[in-house]
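Every chain is numbered from 1 and lettered A, B, ... according to where its sequence line falls, protein lines coming before strand lines. Both backbone and side-chain heavy atoms feed into the values below; hydrogens, waters and symmetry mates do not.
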Amino acid sequence: MIADAFLIVTLLAAATVRGAAPLILAALGGLFAERSGVVDIGLEGKMLTAAFAAAATAAVTGSVWAGLAAGIAASVLFALMHGFACVTHHGNQVVSGMALNITVSGLTVVLGYAWFREGGQTPLLAPGARFGPVDLPGASALAPLPVIGSIYREVISGHNLLVYVAAAAVPIVAWLVYRTRFGLRLRAVGESPGAVDTAGVSVAATRYMALVGSGILCGLAGAYLSTAHHASFIRDMSAGKGYLALAALIFGQWRPLPTLGACLLFAFADAVQLRLQGTPLPLVGVVPVQLIQAIPYVLTVCLLAGVVGRAVAPRAIGVPYVKER
Amino acid sequence: MSLSPTRVRLDWVVPVLLPVVNLAVALLLSAVVVVLIGESPGRALRTLASGAFGDAESVGYTLYYATNFVFTGLAVAVAFHGGLFNIGAEGQAYIGGLCVALLCLGVGSWPTVLVVAVAIVIAAVGGAAWAFVPAWLQAHRGSHVVITTIMFNFIASSLMTYLLVNVLIKPGQQSPETREFEPSTWLPQLHDVVRWLGWEIGRSPLNLAFVFSLIAGLLVWFYLWHTRWGYELRAFGHNATAAVYAGISPASTVVTAMAISGALAGLMSLNEVMGVQHRLLLNMPGGAGFVGIAVALMGRNHPVGIVVAAILFGALYQGGSELSFDMPKLTRDMVVVIQGLIILVCGALEHALRSPVEALLRRPARAE
């Protein structure tokens, strides 16, 4: 009985880690953009573009690295288009993000259908053309140990490379944002672009750099979906994960560590939901899966409403910076 | 020989010429995509046009799609006038549809006129209620309506999936949808009306809701430009600070605008639920809430422009279904690409195109 419960908890934890990885990558991407004062609703679209470009390239070349590079390049390209519309031409950031999301949701299917003739999917990737599980050193050596062994083997080791990239991205992004000159400028541009401009730092250049950062991280998130988690691109495979990442970013109050926590929480809810699927729980009975699916969104609304904590956005978010009228 | 340069009147540029230029640029970008996959853009456009307007039946389908888009376009536009971005029309329409479906399932043998009248009210109330919470939160707790309406779309979707799968599903059936409503609750379709008058036209889902959508457009126009509340809304949208100094309450303006916006989105379900499907299906709005964004931007938030843009999008959706039959390499998702590009060009790149167009028109005047 206890062994069963332990196994379930371990499997849930492993599923949480796998589900959280793309959310973490995309949310940290959004963190760059939003801390620089640019609303990034386009996380969803950038992930989807990258997922398609990565799977398509990996399928054609047979190389997972070429796929990853293509995914990042495609995602950065869309980030730059967002910058062109919002930073260079002072366009509405939400409108631009929605435009990219909608364009991409159609474009990936149109191109996939025309190029691969499999109804909008890309061909199934061979094991060499996708990110396989990585066994961390000592996984087999620690295996005989009773509790630690299986936790290490199931939860920590044995994921694909991009999961570890996502884990490493949290401290790296935190260091970049809080400990470097670029990070200081990034945060300043998001709070008071006028002051940064007066100090002789280009607001536009800083925001473009932030958007490229967002593009790279969303590219990793997209490649994770199609070349690590799945073995092909499927239409609309981001399935709202970009919006969920945005919710996690807000829930994490635009800070790296709390955002990581929010991503883990949302991924855990999803793992529980997949695990339950109609199994009755003690005391409460059958919990509808849709209720669990809605939890992240309800929580985010509650946070925004100030019911739990308070989310304070970067002050200049959503406002195009116009140097002089 | 006058020394001062002739002044060209440019009033017509922004409302008339600019949307045309925007559409042309968006179609040009789409043509690049079509060329990229090795098809002829000219042929694709012809297929689209003949699929949308080729015969009475296609026109009927085009206007049926347009009905949804007029409602959601008006919904997004009303919010835009108040400086608010309602991304939640999708969820609001879904909840409106739930209310209409519950009504139609519940009424036994009410006369059709009464059912329709109550349905109009209840669809609007449902949509408005779903928009009210994000609006209230923005007005009183400062949480941004863009994010909360996105969240409410997902919450609506989860709620409706739950209700359709577990509660409202017709017993003994696999697919999650309600039973068919009594025929007394159906909105009359155009081909039936025409046959009753003694003529015969092709069957299409075009129904009375199209007329309702035009009336809604007229009412929105009256509200925005001929009532005090419309004036307050527009003033608030232009300059919130000035509006507050003028004694306009920001909280009530935000809540009113979003409630009206949600009500318009909810009314979309009249067309879909009562006019065509006669039951409630999973994913009833089918993306119309997002098309509304494109329609509002392209119609420059004016009801006349919105009706024109909605018919254009109706034509794209109807013609798009023909595309996949005629051109094996293209799918109807091409329409979604065009929709996204129109939002990009008309919305996000609005300023990028406006100044060059105006400069181009001024130049000949200076040369004289």
Side-chain angles (χ1 to χ4, degrees), chain A residues 39 41 45 81-82 84-86 88-111 113-115 117 119-120 235 240 243-244 246-247 250 288-301 303-307 310-311 313 317-318 320, chain B residues 29 33-34 36-39 85 87 133-134 136-138 140-144 146-148 150-155 157-163 165-166 287 290-291 293-294 297 324 328-353:
Chain A
V39 176
I41 284 190
M81 277 170 65
H82 189 49
F84 178 72
C86 305
T88 307
H89 288 291
H90 314 303
N92 184 318
Q93 299 166 359
V94 178
V95 173
S96 168
M98 279 313 285
L100 293 180
N101 287 349
I102 292 174
T103 309
V104 163
S105 75
L107 192 60
T108 48
V109 179
V110 167
L111 292 181
Y113 184 82
W115 288 343
R117 328 244 53 201
R235 68 176 297 160
Y243 294 114
L244 198 58
L246 189 69
I250 296 165
V289 283
Q290 292 86 7
L291 179 69
I292 305 176
Q293 278 167 349
I295 283 176
Y297 307 109
V298 175
L299 278 180
T300 307
V301 170
L303 179 87
L304 285 168
V307 179
R310 196 91 185 94
I317 198 162
Chain B
L29 289 172
V33 175
V34 176
L36 210 66
I37 61 177
E39 285 281 6
F85 195 177
I87 302 188
V133 183
W136 189 88
L137 290 176
Q138 163 141 357
H140 296 282
R141 313 292 306 197
S143 53
H144 213 288
V146 167
I147 303 296
T148 41
I150 292 177
M151 301 298 135
F152 266 68
N153 280 344
F154 285 107
I155 297 172
S157 164
S158 294
L159 175 71
M160 296 297 286
T161 310
Y162 172 74
L163 289 177
V165 171
N166 298 294
F290 299 113
V291 180
I293 300 170
L297 287 168
S324 31
K329 278 188 177 171
L330 272 182
T331 71
R332 66 170 305 169
D333 297 283
M334 192 60 217
V335 173
V336 181
V337 178
I338 299 177
Q339 179 193 332
L341 290 171
I342 285 180
I343 299 181
L344 184 72
V345 175
C346 296
L349 290 172
E350 181 192 21
H351 308 292
L353 278 168

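Distance CD1/B:Ile147 to OH/A:Tyr243: 10.0 Å, rounded to 0.5 Å. Atom OG1 of A:Thr103 and atom CD1 of B:Ile342 lie 10.0 Å apart (nearest 0.5 Å). Expressed to the nearest 0.5 Å, how far CG of A:Asn92 lies from CZ of B:Phe85 amounts to 6.5 Å. Within the model, atoms CG of B:Leu349 and CZ of A:Phe84 stand 6.0 Å from one another, a figure rounded to the nearest 0.5 Å. The distance from atom CG of A:Leu107 to atom CD1 of B:Ile338, rounded to the nearest 0.5 Å, is 11.5 Å. In this structure, B:His144 NE2 and A:Ile250 CD1 are separated by 10.5 Å, a value rounded to the nearest 0.5 Å.
Here A:Ala99 is the residue among A:Ala99, A:Ala247, A:Gly91 with the most heavy-atom pairs under 4.5 Å with chain B. By number of non-hydrogen pairs under 4.5 angstrom with chain A, the leading residue of B:Asn153, B:Thr161, B:Val165 is B:Thr161. When B:Ala294, B:Ser158, B:Gly287 are compared by the number of non-hydrogen pairs under 4.5 Å with chain A, B:Ser158 comes out ahead. When each of B:Asn166, B:Val345, B:Ile293, B:Ile87 is scored by its heavy-atom pairs under 4.5 Å with chain A, the top score falls to B:Ile87. In terms of heavy-atom pairs under 4.5 Å with chain B, the best-connected choice from A:Arg235, A:His90, A:Gln293 is A:Arg235.
Of all non-hydrogen atoms in A:Val95 and B:Ala348, the two that sit nearest each other are CG1-N, 3.7 Å. Closest approach of B:Val336 and A:Ser105 over heavy atoms only: CG1-OG, 3.6 Å. The two residues B:Phe154 and A:Gly240 make their nearest non-hydrogen contact at CZ-CA, 4.0 Å. Listed here is the closest heavy atom pair of A:Arg117 and B:Lys329: NH2-CA, 4.0 Å.
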| task | For side chain to side chain contact (heavy atoms under 4.5 Å, CB included), just list the numbers for B:Asp333 and A:Tyr113, CA-CA rounded to whole Å, side-chain angles, deciding distance to a tenth of an Å, and then say yes or no. | result | CA-CA 10 Å; B:Asp333 297 283; A:Tyr113 184 82; over 6 Å; no
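At least one side-chain heavy atom of A:Val301 sits less than 4.5 Å from a side-chain heavy atom of B:Phe152. Taking 4.5 Å as the limit, some side-chain heavy atom of A:Ile41 sits within range of a side-chain heavy atom of B:Ile150.
Residue A:Ile295 does not touch chain B at all, counting heavy-atom pairs closer than 4.5 Å. A:Leu246 touches chain B through its side chain: at least one heavy atom from C-beta onward sits under 4.5 Å away, while N, CA, C and O do not.
Tested against B:Leu344 for a side-chain contact (heavy atoms from CB on, under 4.5 Å), the candidates A:His82, A:Met98, A:Met81 yield a single pass: A:Met81.
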